[in-house]
Amino acid sequence: VGNLSISQLCQPARIITAVNGQLPGPTIHVREVDTVVVHLLNTSPYNMTIHWHGVFQRGSQWADGPAMITQCPVRPGGNYTYRFNVTGQEGTLWWHAHISFLRATVYGALVIKPRGGTKAYPFPKPDKEHVVLLGEWWNANVYDLERMAFLTGIPARNADAYTINGKPGDLYNCTAANQTYGFQVRRNQTHLLRIINAALNTPMFVKVANHSFTVVAVDACYTAPYETDVVVIAPGQTVDALMVADADVAASPGGRFYMAATPYDSAIPQGPPFSQTTATAVVEYIGESDATVPPVLPPRPDYNDTPTAHRFLSNLTALVLPGRPTVPLAVDTRMFVTVGLGVSDCQPAQLLCNRSAPPVFSSSMNNASFVPPTAISMLEAHFNNASAGVYTRDFPDTPPVVFDYTADASDNATLQFTTKSTKVRTLRYNETVEMVLQNTRLIAKESHPMHIHGFNFFILAQGFGNYDEATAAPQFNLVNPQERNTVAVPTGGWAVIRFIANNPGMWYMHCHFEAHLDLGLGMVFEVQDGPTPETSLPPPPADLPQC
């Protein structure tokens, strides 16, 4: 991980933090049975960690990567070896920095093939596969943006552009060469698109002009085939979609079609400014393309098209296969957790915060706004039975105040106010947890992509308004619910998830909007050891970075 000089959007070249001198970073190809060893050498000027998003890390908890949760950062000039296996996981995952805003440029794909190879796919074998990494680009130093946002309590500004595989495309005001990514396809061949939303703060709509998709997996979990002409994908999520290159020749005599990625802004009322622009790549038919004919641009959803987003995200179901996990039917612990924005007092470390003004932006889960420790990682404190002064075990199972969560009238100073803490919820090994995630109207209703480290979960149901168990429970899908590691909770609505805590350690649960994570929208599950050495937390590796 080091410095890379790069020019985007016809701006002067700037130095970014990148892996192996490329943006995005390298795709890591593995098989389901493999052990993966990644040597991280930090030649950047910043502290660094890498999170392997969606990898369970059973037996390798020290390799999960979130700064101050499972490890202290790798300091400039330092190194650390991440070692983990991907047994029992197949599909598209990814990796990214898990510190500051550095994942804006430190990210890449992790593709896990079945141990039997492509012939073992539970869907028609594609002729070709493509990684499609969606990102955001700032004409600024993202580390400085994050620092200033923290010190002042004022959220960082929006991105200047969206990108597909690191390139913004043709629709920005820049005519420089090499600004647009290209996909080569042959007519009538089937292409597997491994779509990953690596953007910091923006859900995306993805379309390809005159083409449709069949979704076959999300978050490295197989789905029943789902036909659609648009993919909706929140930050942190992945979607595997088959696309047949069968466009009508008459519809594009140039044989070139735009892939378009546009933002989905779910905030009600509309939140902070966002870039109302479109990233493009070009899907080019081999032997048919004519560079003098402009590519066809697909019709794009409105930026606030919540019905289209909800239709896609709520209609996916799992492909139930022998030997694969199924939804647990008995529940040990039920939690009702509000997720949303608020305000809090300036913190001591926020040196540029205006302490004479009203409170600053914050965010919380059940009105607890999360602050990571600074002196030792939570996993080390847990392993050493030294939690005192590092974290407390009092994350609540229900909100401290019951109110009309989605009503405009609830958006008042009293309910908005939250306090900072480092609270965890302790779970017994193998405990089954059902959690209702309820978005609130405080500041704004918004679709928060909630991610859990160390586990997948099943999404039993989702909807709008305040959760009502009497009407929602009969709608639970207990047969083939979609399995994911990141759920986009509907804006001003709720989602019900269920998972088994079969992985000892400290597991971060947080919003995958980087701006909201910085504001405190997270918590940690502390999962106790099981009865055997294999179900217990191993000791830390010798090269674990120290704070």
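Predicted model, so just to flag it, every value in this text is computed and none were measured.
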Worksheet entry | Result of checking Q8, Q11, Q179 against C174 for side chain to side chain contact (heavy atoms under 4.5 Å, CB included) | Q179
Worksheet item: Okay, side chain of E90, backbone of K113: is any donor-acceptor separation there less than 3.5 Å?
Response: no
Fill in: Stepwise side chain to side chain contact (heavy atoms under 4.5 Å, CB included) test for T214 and F123
CA-CA 10 Å; T214 302; F123 50 80; over 6 Å; no
Worksheet entry | Side-chain donor-acceptor contact under 3.5 Å, K420 with S369 | yes
Item to complete: Mark yes or no for whether R194, through its side chain, and E129, through its backbone, hold a donor-acceptor pair below 3.5 Å.
Response: no
Worksheet item: Of the non-hydrogen atoms in V131 and N165, which two are nearest, and what is the gap between them?
Response: O-ND2, 3.0 Å
Practice prompt. State whether a side-chain donor-acceptor pair under 3.5 Å links H98 with H53.
Written response: no
Fill in: pair V38-W52: side-chain heavy atoms closer than 4.5 Å
yes
Worksheet item: Judged by atom type as modelled, is there a donor-acceptor pair below 3.5 Å linking the side chain of K167 to the main-chain atoms of N178?
Response: yes
Worksheet entry | Donor-acceptor pair, side chain of N197 and main chain of A199, under 3.5 angstrom | yes
Discussion item. Please verify the inter-ring angle class for W62 with F383; under 30° counts as parallel, over 60° as perpendicular, anything in between as tilted.
Written reply: perpendicular
Practice prompt. Please check if the side chain of D305 supplies one atom and the backbone of A309 the other of a donor-acceptor pair under 3.5 Å.
Written response: no
Discussion item. Checking the side chain of E446 only, and the main-chain atoms of S266 only, is there a donor and an acceptor separated by less than 3.5 Å?
Written reply: no
Discussion item. Using modelled atom types and a 3.5 Å cut-off, is there a donor and acceptor pairing between side-chain atoms of D229 and backbone atoms of S212?
Written reply: no
Item to complete: Would you verify whether the NZ or CZ of R103 falls within 45 degrees of the ring axis of Y107 while also being under 6.0 Å from that six-membered ring's centre?
Response: no
Worksheet item: For V283 and M243, what are the C-alpha separation, side-chain angles and deciding distance, and is it a side chain to side chain contact (heavy atoms under 4.5 Å, CB included)?
Response: CA-CA 11 Å; V283 175; M243 183 186 79; 4.3 Å; yes
Worksheet entry | Audit row: I497, I452, side chain to side chain contact (heavy atoms under 4.5 Å, CB included) steps and yes/no | CA-CA 11 Å; I497 65 172; I452 301 185; 4.0 Å; yes
Worksheet item: Should the heavy atoms of other residues, nucleotides or ligands under 6.0 Å from CZ of R83 be counted, would the total exceed 12?
Response: no
Worksheet entry | Any donor-acceptor N/O pair, Y46 side chain to Y143 backbone, under 3.5 Å | no
Fill in: Residues, nucleotides or ligands: over 12 heavy atoms within 6.0 Å of F455 CZ
yes
Item to complete: Might you point out which heavy atoms bring A104 and W138 nearest each other, and give the distance in Å?
Response: CB-CZ3, 4.2 Å
Worksheet item: For T49 and Q71, what are the C-alpha separation, side-chain angles and deciding distance, and is it a side-chain hydrogen bond (donor to acceptor under 3.5 Å, both in side chains)?
Response: CA-CA 8 Å; T49 72; Q71 68 168 97; 5.2 Å; no
Response to the item:
When H512, H516, H510 are each screened for side-chain hydrogen bond (donor to acceptor under 3.5 Å, both in side chains) with H448, the one that passes is H516
Discussion item. Would you say that V282 contacts Y258 through its side chain, given a criterion of any heavy-atom pair below 4.5 Å between the two side chains?
Written reply: yes
Worksheet item: What pair of heavy atoms forms the shortest contact from S100 to E514, and how long is it?
Response: O-OE2, 3.4 Å
Worksheet item: Is there a side-chain contact between M450 and M365 (heavy atoms, below 4.5 Å)?
Response: yes
Item to complete: Let me see the working for T280 and D170 under side-chain hydrogen bond (donor to acceptor under 3.5 Å, both in side chains), right down to the final yes or no.
Response: CA-CA 6 Å; T280 55; D170 293 339; 4.9 Å; no
Worksheet, complete the sentence: Only residue of F499, Y391, W507, Y508 satisfying ring pair (Phe, Tyr, Trp, His ring centres under 6.0 Å) with F525 is F499
Item to complete: Anything under 30° is parallel, anything over 60° is perpendicular, the rest tilted; go ahead and classify Y82 against Y80.
Response: perpendicular
Fill in: Atom pair CD (Q237) and CG (N485), whose distance is rounded to the nearest 0.5 Å
8.0 Å
Worksheet item: In Å, rounded to the nearest 0.5 Å, how long is the span from CD1 of I15 to OG1 of T105?
Response: 11.5 Å
Worksheet item: Would F457 and R484 count as a side chain to side chain contact (heavy atoms under 4.5 Å, CB included) if you check the C-alpha gap in whole Å, the side-chain angles of each, and the deciding distance to 0.1 Å?
Response: CA-CA 6 Å; F457 48 77; R484 301 200 80 138; 4.2 Å; yes
Item to complete: For the residue pair T491 and T306, establish whether any side-chain heavy-atom pair is separated by less than 4.5 Å.
Response: yes
Discussion item. Quick check for you: to the nearest 0.5 Å, what is the distance between T17 atom OG1 and M48 atom CE?
Written reply: 5.5 Å
Worksheet entry | Flag side-chain contact, heavy atom, 4.5 Å: V339 against C511 | no
Worksheet item: Distance-only, no hydrogens or angles: does the D64 side chain make a donor-acceptor pair with backbone N or O of G454 under 3.5 Å?
Response: no
Practice prompt. Would you check if the side chain of Y285 reaches a backbone N or O of A247 as a donor-acceptor pair within less than 3.5 Å?
Written response: yes
Worksheet item: Rounded to the nearest 0.5 Å, what separation is found between the CG atom of L200 and the CG atom of N158?
Response: 12.0 Å
Worksheet item: Would a 4.5 Å heavy-atom cut-off, applied to side chains only, mark H453 and I69 as touching?
Response: no
Fill in: Shortest non-hydrogen contact from I112 toward Q89
CG2-O, 3.0 Å
Discussion item. Can you tell me how the ring of F312 sits relative to the ring of Y226, calling it parallel under 30°, perpendicular over 60° and tilted otherwise?
Written reply: perpendicular
Worksheet item: Side chains of H51 and H451: closer than 4.5 Å at any heavy-atom pair?
Response: yes
Worksheet item: Is the number of heavy atoms from other residues, nucleotides or ligands within 6.0 Å of CZ (R186) greater than 12?
Response: no
Fill in: Closest non-hydrogen atom pair, P73 against A67
CG-CB, 4.4 Å
Discussion item. To the nearest 0.5 Å, what is the distance between OG1 on T277 and CG on L171?
Written reply: 9.0 Å
Discussion item. Do H382 and V424 make a side-chain contact, defined as non-hydrogen atoms from C-beta onward lying under 4.5 Å apart?
Written reply: no
Item to complete: Starting at CG of N354, measure out to OG1 of T152 and round the result to the nearest 0.5 Å.
Response: 10.0 Å
Fill in: Nearest atoms (heavy-atom pairs only) where F101 meets D518
CE1-OD2, 4.0 Å
